[in-house]
Amino acid sequence: MQYAIELYYDKETEKKLFNLAKRIADEKISTKFLEWKTRPHLTLACFNDVDESRCIQRLKVFARNHKTMPAYIGSVGMFNDTKTIFVSPVMNNSMYQFQRELHECLGDFDINGWEWYCPNRWVPHCTIALTREDDNEAFFKASDLLLREFKKMSGEFIAIGLVKITFPVEEIFTIGLN
């Protein structure tokens, strides 16, 4: 089974991000992201397998030792190869350090094949649309809509969670940061 550790936004920021994804669905451009039934998030790490109870215990300790962080979302981007459209936070050293420390905490779990979520290779992003399975124009229409409607926003990263990468995503455990 595959797993991910996700970083979650405060409720107001989460709602704004969800509404962007919903706009793309409401315009009948693409519904794939909403079908995954996941919250807006940044993926910090992905694993091929974890011992869920050990991972949860480690996340509890990790969360106790880390504070909430400001979340400034300032840009729109895309991965052309997967036809994924996303918004990105303005990154700083403390966020990169946060992700690095998380990987150290969970270093014995299998990350093979997930190198793009490792420190020094991570592209932090919050997916808004997944258009690979849609017709070719969906990628361009969704990108255009997001480019026109996106406004910079700020909020907070308030929690981390363990999810199973299934369809739909299964949220196993979430804990607030201090």
Side-chain angles (χ1 to χ4, degrees), residues 1-10 13-14 16-18 20-21 32-33 36 38-50 52 54-56 58-63 65-132 139 143 146 150 152-166 169-178:
M1 184 58 59
Q2 296 175 329
Y3 294 86
I5 306 297
E6 299 180 342
L7 181 61
Y8 297 117
Y9 298 94
D10 64 273
T13 305
E14 184 176 297
K16 289 176 186 177
L17 294 166
F18 177 81
L20 288 171
K32 299 302 178 198
F33 176 74
W36 279 91
T38 186
R39 298 162 56 181
H41 64 274
L42 290 186
T43 300
L44 297 166
C46 290
F47 303 99
N48 291 317
D49 203 12
V50 299
E52 290 181 20
R54 274 184 31 220
C55 187
I56 289 168
R58 290 181 191 179
L59 288 177
K60 287 177 180 178
V61 172
F62 186 84
N65 293 319
H66 290 83
K67 297 182 184 310
T68 60
M69 298 175 284
Y72 302 108
I73 304 155
S75 61
V76 173
M78 56 204 69
F79 298 125
N80 292 345
D81 59 339
T82 61
K83 300 206 180 321
T84 301
I85 304 161
F86 56 86
V87 296
S88 292
V90 176
M91 295 300 293
N92 59 44
N93 284 338
S94 63
M95 289 180 68
Y96 285 116
Q97 182 66 28
F98 181 91
Q99 193 240 10
R100 208 171 5 263
E101 289 174 11
L102 177 76
H103 274 267
E104 290 169 7
C105 174
L106 304 174
D108 57 331
F109 296 128
D110 179 12
I111 60 166
N112 289 323
W114 298 101
E115 290 82 7
W116 292 109
Y117 291 98
C118 291
N120 299 321
R121 298 193 75 188
W122 183 40
V123 180
H125 64 281
C126 177
T127 300
I128 301 297
L130 298 165
T131 65
R132 182 194 309 220
F139 179 68
S143 298
L146 190 56
F150 174 75
K152 289 181 183 180
M153 59 182 88
S154 60
E156 276 191 300
F157 291 113
I158 63 164
I160 56 174
L162 171 66
V163 301
K164 244 185 222 178
I165 304 172
T166 57
V169 168
E170 180 186 343
E171 203 170 303
I172 296 171
F173 176 75
T174 301
I175 186 166
L177 301 170
N178 273 338

If you define the side chain from C-beta out and look only at heavy atoms, does anything of [X] sit under 4.5 Å from [Y]?
X: Ile128; Y: Phe150; result: no
X: Phe33; Y: Thr38; result: yes
X: Tyr3; Y: Asp49; result: yes
X: Val90; Y: Lys152; result: no
X: Leu44; Y: Phe98; result: yes
X: Gln99; Y: Leu42; result: no
X: Pro124; Y: Met91; result: yes
X: Cys55; Y: Phe47; result: no

For [X], I'd like to know if atom [atom1] has over 12 heavy atoms of other residues, nucleotides or ligands within 6.0 Å.
X: Tyr72; atom1: OH; answer: no
X: Asp108; atom1: CG; answer: yes
X: Asn93; atom1: CG; answer: no

Spell out, as yes or no, whether a donor-acceptor pair under 3.5 Å connects the side chain of [X] to the backbone of [Y].
X: Arg100; Y: Pro119; answer: no
X: Asp10; Y: Glu156; answer: yes
X: Trp36; Y: Ile165; answer: no

Practice task
Compute the centroid of each ring, for Phe157 and then for Tyr8, and state whether the two points are separated by less than 6.0 Å.
Solution key: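 So the answer is no for these two rings.
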Practice task
Let me see the working for Cys118 and Ile111 under side chain to side chain contact (heavy atoms under 4.5 Å, CB included), right down to the final yes or no.
Solution key: CA-CA 8 Å; Cys118 291; Ile111 60 166; 3.3 Å; yes
Side-chain donor-acceptor pairs under 3.5 Å in residues 171-178, sequence neighbours left out?
{"from": "Glu171", "atom 1": "OE2", "to": "Arg39", "atom 2": "NH1", "distance (Å)": "3.2"}
{"from": "Glu171", "atom 1": "OE2", "to": "Thr174", "atom 2": "OG1", "distance (Å)": "2.8"}
{"from": "Asn178", "atom 1": "ND2", "to": "Arg64", "atom 2": "O", "distance (Å)": "2.3"}

Exercise for the section: State which residues pass side-chain contact (heavy atoms from CB on, under 4.5 Å) with Ser143; sequence neighbours excluded, sorted by chain then number. Expected result: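 Applying side-chain contact (heavy atoms from CB on, under 4.5 Å) to Ser143 gives Met78, Ile85, Phe139.
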Exercise for the section: Could you check Thr43 against Trp122 for side chain to side chain contact (heavy atoms under 4.5 Å, CB included), going step by step and ending with a plain yes or no? Expected result: CA-CA 9 Å; Thr43 300; Trp122 183 40; 5.7 Å; no
When rounded to the nearest 0.5 angstrom, what is the spacing between [atom1] in [X] and [atom2] in [Y]?
X: Ile5; Y: Leu59; atom1: CD1; atom2: CG; answer: 4.5 Å
X: Ile158; Y: Glu14; atom1: CD1; atom2: CD; answer: 7.5 Å
X: Phe79; Y: Trp116; atom1: CZ; atom2: CH2; answer: 9.0 Å
X: Glu101; Y: Tyr96; atom1: CD; atom2: OH; answer: 15.5 Å

Handout entry: Chi angles and distances behind the side chain to side chain contact (heavy atoms under 4.5 Å, CB included) call for Met153, Leu20
Key = CA-CA 12 Å; Met153 59 182 88; Leu20 288 171; 4.3 Å; yes
Problem - Stepwise side chain to side chain contact (heavy atoms under 4.5 Å, CB included) check, Lys16 with Ile73 - result: CA-CA 11 Å; Lys16 289 176 186 177; Ile73 304 155; over 6 Å; no
Problem - His66 and Phe62 aromatic ring geometry - parallel, tilted or perpendicular at 30°/60° bounds - result: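 Judged by the thresholds at 30° and 60°, the geometry between Phe62 and His66 is parallel.
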